[in-house]
Each structure stands twice: as C-alpha cells, then as structure tokens.
Engineer: 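Below is one structure. I have some questions about it.
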Amino acid sequence: MADDDQQWKIPPIVQELAATGRDELPSRYVVCDHGRPTSAVASDDSIPVVDLSRLSSGAADEAAKLRSALQNWGLFLAVGHGIEPALLGEMMAVTTNFFNLPLEEKQKYTNLVGGKKEHQLQGYGGDMILSETQVLDCSDRFYLNVEPESRRLYDLWPTQPPSFRDILHRYAARCRELADGVLREVAKVVGLREEGCLVDMLDEKAVTYVRLNLYPRCPRPEKVLGFRPHSDASMLTVVLNNAAGLQVLRDGEWYDVPVVPDALVVNLGDTVEVVSNGLLKSPVHKVVANSESKRVSVAAFYTADPEREVEPAPELVSEERPRRYGSMKNSDYIRGLHESLARGERAIDRVKI
C-alpha cells in the first residue's frame, strides 16, 4: 500500500467510478475552461477513406487520395486492408471482455509496481501522475509489448478471456503487414530515395506496443476528456474502434473521425514527422467523452528500435528547406512523451530547431 502522502499518485479506475452512477466525476478529471470539448467542425472536406487493395494494385487515383490524406490530415481510414472482419470482431470482443472482468482479476496486470508507488508503461490502469494538480483522462488503459516477441512480458498477458493471447498475436501480425505497406507509400510521398527505408526502421529491434482503451460512459462529457490532445511517438499508429469520439486537429479546428465498418484509422507518428523534416505532420488528436455509451478501442503503435537515433533524412534537408528537427534517441523520446502528456505538452516541440 502506498504511503498516505503518495495516494495522489495512484489513479482511480474510471470504470469503477462510472459504475457508481455518480452525477459528477472527481475534480481531478475536470478540464479547465479553455481546454473543454467543443462541437467538431462540420465540413464537406471529410477525412479520406483509402482502399489499400486498390493502392497495392497501382490505382493512381487511390495513390493521390492517400497523398492528400497524409499531407492534409496526417491520417486516413483504411479499407481493403486484408484483415478479415472476423478477426477485427474477435479483437474487439476480447478487449471488451477483458474490461468486463472483475476488478480483482484485472488488477493482476496493474501498471503500478514497487508497492504501487511507481508507474510502468506496460500493464492495466490509468495515467502516469506527476503532480497533485494534474488533470486526468476519463479512461482506463492496458499497454502491452507485442513485438519483438522476446520483449513480451507474458505475466502481464491475461489468461482471461482464454483466447486473448492468440487473438492479440494474430491481430498484431496482420496489422504489421498493413503498417509495412503504408510506410512504403509514405516514403514515396515525401520523396525518399529508398522506398523501403521507413519499413527498414521497423527491424528486429523495433518495438510494437498495443494499448487497449476503455472510455466509460461519462455523466458530464462537456467537462472532461477521454484522452487529452496529443500526437503519437510512433512511426505509424493503427486504431480499431467501435464508436465515435476520436477527433483530429487541423488548422486550429477539431474534426470528428468517422467510424466506418471494418475500417482502421491509420495516423502518422512523430518519428515520420522528424524523418520527413516536417514535410508530413504527426496529427494532434484527442478523444471526447460520451454520456450515452462506452467506447472501446485498440491502438497498435509501431516504433523504431529504442536505441536508434532518429533525425531528418539527409535527402530531405537542403538550403531551401533547412533541417527543422534535432536528433533524438527513440527510447528517450518515448519516455519524454509520457512525461509531456502528463504536463499537457507536445514532446516533438523539444526536438524542433
């Protein structure tokens, strides 16, 4: 048990708070006035839906659509990705079933260690808390390393539901195929000499994290956020979700990311922004809360080798376009991301020149 003066470091389980039926969440979740959710912008310029099967067959119009999506949004909705709807349904089902387990069972996989005094990335729970005044997200999370297999902490892989491990393993493998294909296209868009150079960064030492998210029904969605505004420390992120709530920032306005049956949300991460020397941007996004129903999602983050130094590609730096980012060790950057999140900052701002 943590010392009484350290209790603030232990985040509540939001699902348990929601189950009490209370009309208000604790003040730790209330966002300041200027950061509160507002209605998303209605626009005819919608987030593109890209058919990856047509893209892989050389369809020029689909390639143009992807280029526009990456340059204007930093994300798109992927269909024709080859992942069977049955597997998507199974992944969503085991995620939902995990969050429906009794709290005692889920706490076997807690992300609090050292007598609940220290926060680790992997495991079940909530935010890393750095101060008593930190505003918390209205969600519960479960992080796991899935690649390389040598980095898996199987003590944290649930045995309930029984099919969890097998389904997550198969789902992650199929998403990796999708990520490789998209990164080859990204390399073409920014004009890298080697089409496979971004894929090569996802070598045998690269790490894939999966984060399962539960956003319980919230009594006062106008006062809280499911997940605060942020960008991802990955090269690429692939998201499966079952309900609306994800929003992306463009030109100072928030836009809803629609839910399309069997589509996956694919967004660029900070690593691609740095390697492209800012030709492509890692989109800032957030999740708004909902008073009517819960939301479940599965996010797969494809990150480079933790020991790799990430910097702009030399061929994308010139007199006309000087270097805009410094070099960063990937492990330091990911660690800094979680600290930046807790402070409401963007980690990438630290490496901009």
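No hydrogens, no waters, no symmetry mates; every other heavy atom, side chains included, goes into these values. Note that the numbering runs from 1 along the sequence shown for the chain.
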Engineer: Heavy-atom distance under 4.5 Å between the side chains of R170 and I167, does that happen here?
Structural biologist: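 Result yes, sub-4.5 Å side-chain heavy-atom pair found.
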Engineer: Please check if the side chain of T20 supplies one atom and the backbone of L17 the other of a donor-acceptor pair under 3.5 Å.
Structural biologist: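 Checked: pair present.
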Engineer: If we ignore hydrogens and angles and just use 3.5 Å, is the side chain of N330 paired with the main-chain N or O of V310 as donor and acceptor?
Structural biologist: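 Not confirmed, N330 side chain does not pair with V310 backbone.
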Engineer: Taking C-beta and beyond as the side chain, do E273 and L280 meet within less than 4.5 Å on heavy atoms?
Structural biologist: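 No, side chains not in contact.
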Engineer: Have a look at P283 and tell me which of D232, N72, T237, V248 forms a side-chain contact (heavy atoms from CB on, under 4.5 Å) with it.
Structural biologist: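 Only one of D232, N72, T237, V248 forms a side-chain contact (heavy atoms from CB on, under 4.5 Å) with P283, namely V248.
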Engineer: Using the side chain to side chain donor-acceptor pair (under 3.5 Å) rule, take Q15 and K294 through it: C-alpha gap first, then chi angles, then the decisive distance, then the call.
Structural biologist: CA-CA 10 Å; Q15 188 177 14; K294 68 181 180 183; over 6 Å; no
Engineer: So which atom in K65 and which in V49 form the shortest heavy-atom distance, rounded to 0.1 Å?
Structural biologist: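 Of all heavy-atom pairs spanning K65 and V49, the closest is CD-O, 3.1 Å.
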Engineer: Between R54 and D61, is the closest basic N to carboxylate O distance under 4.0 Å?
Structural biologist: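 Answer for the salt bridge query: yes.
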Engineer: Before we go on, tell me: are the rings of Y143 and Y124 under 6.0 Å apart, centre to centre?
Structural biologist: no
Engineer: Would you check if Y109 and W157 make a side-chain contact, meaning some heavy-atom pair closer than 4.5 Å?
Structural biologist: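 No - every pair of side-chain heavy atoms lies 4.5 Å or more apart.
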Engineer: Test the R151-Y209 pair against the cation-pi criterion, namely NZ or CZ under 6.0 angstrom from the six-membered ring centroid and within 45° of the ring axis.
Structural biologist: no
Engineer: Taking ring-ring contact (aromatic ring centres under 6.0 Å, His included) as the definition, give me every residue that meets it alongside H81, ordered by chain and number, with sequence neighbours left out.
Structural biologist: none
Engineer: List the steps and the verdict of side chain to side chain donor-acceptor pair (under 3.5 Å) for T208 and E147.
Structural biologist: CA-CA 5 Å; T208 301; E147 292 176 340; 2.7 Å; yes
Engineer: Identify the residue among E345, H285, R346 that makes a side chain to side chain donor-acceptor pair (under 3.5 Å) with H230.
Structural biologist: H285
Engineer: Are the side chains of R324 and L316 in contact, using a 4.5 Å heavy-atom criterion?
Structural biologist: no
Engineer: Does a side-chain heavy-atom distance below 4.5 Å link Y333 with R350?
Structural biologist: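 A side-chain contact under 4.5 Å is absent here.
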Engineer: Please check this pair: side chain of R321 against backbone of N277, looking for a donor-acceptor N/O pair closer than 3.5 Å.
Structural biologist: yes
Engineer: Please determine if R211 forms a cation-pi arrangement with F301, meaning its NZ or CZ atom is less than 6.0 Å from the six-membered ring centre and no more than 45° off the ring axis.
Structural biologist: no
Engineer: Keeping the roles fixed (side chain from R250, backbone from W73), state whether a donor-acceptor pair exists under 3.5 Å.
Structural biologist: no
Engineer: L66 versus L55: any side-chain heavy-atom pair under 4.5 Å?
Structural biologist: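 Side chain of L66 against side chain of L55, heavy atoms only: contact under 4.5 Å found.
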Engineer: So which of E307, E311, E309 actually passes salt bridge (Lys or Arg N to Asp or Glu O under 4.0 Å) with K329?
Structural biologist: E307
Engineer: With K108, which residues qualify under side chain to side chain donor-acceptor pair (under 3.5 Å), at least two apart?
Structural biologist: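 Side chain to side chain donor-acceptor pair (under 3.5 Å) list for K108, sorted by chain: E105.
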Engineer: Minimum heavy-atom separation for I129 to Q134, with atom names?
Structural biologist: CA-OE1, 3.4 Å
Engineer: Does L268 form a side-chain contact (heavy atoms from CB on, under 4.5 Å) with V186? I'd like the steps, not just the answer.
Structural biologist: CA-CA 9 Å; L268 301 176; V186 172; 4.0 Å; yes
Engineer: Would you say S139's side chain and G226's backbone share a donor-acceptor pair under 3.5 angstrom?
Structural biologist: yes
Engineer: Take E222 and R220 through the test salt bridge (Lys or Arg N to Asp or Glu O under 4.0 Å) and record every step on the way to the result.
Structural biologist: CA-CA 5 Å; E222 75 281 2; R220 300 299 299 273; 2.6 Å; yes
Engineer: Report yes if the side chains of N111 and L121 come closer than 4.5 Å at any heavy-atom pair, otherwise no.
Structural biologist: no
Engineer: Quick one: list whatever passes ring-ring contact (aromatic ring centres under 6.0 Å, His included) with Y171, sequence neighbours left out.
Structural biologist: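 Once residues adjacent in sequence are excluded, Y171 has no partner under the ring-ring contact (aromatic ring centres under 6.0 Å, His included) criterion.
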Engineer: Are S291 and C218 close enough that some pair of their side-chain heavy atoms sits under 4.5 Å apart?
Structural biologist: no
